Amino acid sequence: MHPEARARALGYLPQTPEVAWDVSVTTLAGLGRLPWRTSAAEDAAAVEAALMALDLPTFADRPVSQLSGGERARALLARVLAGTPRWLLADEPLANLDLAHQLALLGHLRACAGQGMGVVLVLHDLALAMNHADRVVVLEQGTLAADGPPELALAEPVLEQVWGVTTRWLGEPGARALAV
C-alpha cells in the first residue's frame with residue numbers, strides 16, 4: 001500500500017503520543033488532514049467535526065502545552081479522527097479521560113463503527129471492554145488466549161488463566177463490573 005493511501009486508510013493513536021511543537025488544538029487536529037488533498041473548506045469541516053466529537057471547541061485556540069492530560073489525549077485523538085480514516089487503531093485511548101469523556105468517546109467510536117469505520121482499541125479496563133466491545137481478543141505473553149464476544153473472551157476462567165486472578169462478573173449485560 002502506498003504510504004499516502006495507508007495514511008488516509010489508517011488512523012493510529014499510540015499509547016504515549018508526542019507533540020513536537022506547542023501548536024493550538026485546531027492546528028494539531030488539522031495535522032490529521034495532511035494525507036488528504038482536499039479543499040480548505042473540507043479540511044476545516046473535518047477538523048471541526050473531530051473537535052465537536054471530542055468536546056473540544058472551547059479549547060480550539062489553546063496551545064497544547066496548556067491542556068490537562070485528558071484534554072491533551074482528546075486533542076490527539078481529534079487529530080486522528082480529523083483524518084477520517086477507514087480504520088482507527090488506538091492504544092489505551094481512554095487512559096487519561098474522566099468517566100464522562102470515556103463514555104462519550106466510546107459512544108462516538110460506536111457511532112463511527114456503525115458508519116463503517118473499523119475501530120480497534122487496546123484496553124486494560126476489562127469492564128469497559130466487556131460492556132462496550134463487539135469482539136475481544138485477549139493476549140497472553142504475545143499469544144492468543146481468547147477471541148470472541150466479550151462474554152466468552154472475558155469469561156472468568158480466561159481471566160484466571162491469563163492474569164492468575166480469581167474474578168467474578170457482577171451486573172447485567174452492558175452494565176457489568178468486575179469483582180476481584
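What you see is a predicted model; the values in this text were computed from it and never measured.
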**Q.** Intermediate values then yes/no, side-chain contact (heavy atoms from CB on, under 4.5 Å), E92 and L121
**A.** CA-CA 7 Å; E92 291 290 340; L121 305 179; over 6 Å; no

Q) Between Y12 and V80, is a side-chain contact (heavy atoms from CB on, under 4.5 Å) present by the stated rule, with each step listed? A) CA-CA 7 Å; Y12 174 61; V80 175; over 6 Å; no

Q. Are F59 and R74 close enough, and set up right, to give a side-chain contact (heavy atoms from CB on, under 4.5 Å), and what steps lead you there?
A. CA-CA 11 Å; F59 300 100; R74 290 178 7 240; 4.0 Å; yes

(Q) What verdict does the side-chain hydrogen bond (donor to acceptor under 3.5 Å, both in side chains) test give for D61 and S24, after you've listed the backbone C-alpha separation in whole Å, the side-chain angles of each residue and the deciding distance to 0.1 Å? (A) CA-CA 5 Å; D61 297 323; S24 71; 5.5 Å; no

Q) Passes side-chain contact (heavy atoms from CB on, under 4.5 Å), E156 versus E160? Steps please. A) CA-CA 6 Å; E156 291 146 356; E160 186 166 359; over 6 Å; no

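Not one N or O on the side chain of R168 forms a donor-acceptor pair closer than 3.5 Å with the backbone of A179. The closest donor-acceptor contact from the side chain of D22 to the backbone of V64 lies under 3.5 Å. Side-chain N or O atoms of Q115 include none that pairs as donor or acceptor with a backbone N or O of C112 at under 3.5 Å. No donor-acceptor pair closer than 3.5 Å links the side chain of R79 to the backbone N or O of L31. For the pair R176 (side chain) and A127 (backbone), a donor-acceptor distance under 3.5 Å is absent. Between the W169 side chain and the L154 main chain, a donor and an acceptor come within less than 3.5 Å of each other.
The hydrophobic cluster containing L126 does not contain L94, counting ILVMFWY residues as joined when their side-chain heavy atoms lie under 4.5 angstrom apart, directly or transitively. When the side chains of ILVMFWY residues are joined at heavy-atom separations under 4.5 Å, either directly or via intervening members, V122 and V136 end up in two distinct hydrophobic clusters. Note on L81 and L10: separate hydrophobic clusters, where clusters join Ile, Leu, Val, Met, Phe, Trp and Tyr whose side-chain heavy atoms are under 4.5 Å apart, directly or indirectly. When the side chains of ILVMFWY residues are joined at heavy-atom separations under 4.5 Å, either directly or via intervening members, V19 and V47 end up in a single hydrophobic cluster. In this structure, L88 is a member of the same hydrophobic cluster as L34, with clusters built from ILVMFWY side-chain heavy atoms closer than 4.5 Å.
By the salt bridge (Lys or Arg N to Asp or Glu O under 4.0 Å) test, R33 is found to be paired with D43, residues two or more places apart in sequence or in another chain being considered. Remark: R6 engages no residue in a salt bridge (Lys or Arg N to Asp or Glu O under 4.0 Å) (not counting sequence neighbours). Annotation: salt bridge (Lys or Arg N to Asp or Glu O under 4.0 Å) contacts of D147 (sequence neighbours excluded): R135.
Within the 4.5 Å cutoff, the side chain of L105 has no heavy atoms near those of the Q102 side chain. When side chains are defined from C-beta on, L178 does not count as touching M130, because their heavy atoms never get closer than 4.5 Å. Using a 4.5 Å heavy-atom threshold, the side chains of E71 and R62 count as touching. No side-chain heavy atom of L106 sits under 4.5 Å from any side-chain heavy atom of N131. Side-chain atoms of M117 and R86, non-hydrogen and from C-beta on, never get closer than 4.5 Å to each other. A 4.5 Å side-chain heavy-atom check between T26 and L51 finds at least one atom pair inside the cut-off. Contact check for V165 versus L159: no side-chain heavy atoms found under the 4.5 Å cut-off. Using a 4.5 Å heavy-atom threshold, the side chains of W36 and T84 count as touching.
What you find for L77 and L54 is that their closest heavy atoms are C-CD1, 3.7 Å. What you find for A50 and A78 is that their closest heavy atoms are CB-O, 3.4 Å. The two residues A153 and A146 make their nearest non-hydrogen contact at O-CB, 3.6 Å. Nearest approach of A133 to P150, heavy atoms of both residues: O-CG, 3.2 Å.
Rounded to the nearest 0.5 angstrom, L28 CG and R72 CZ are separated by 8.5 Å. Here OG1 of T143 is found 7.0 Å from CD of Q141. Values are rounded to the nearest 0.5 Å.
Annotation for W163: atom CH2 counts as buried by contact number, over 12 foreign heavy atoms lying within 6.0 Å.
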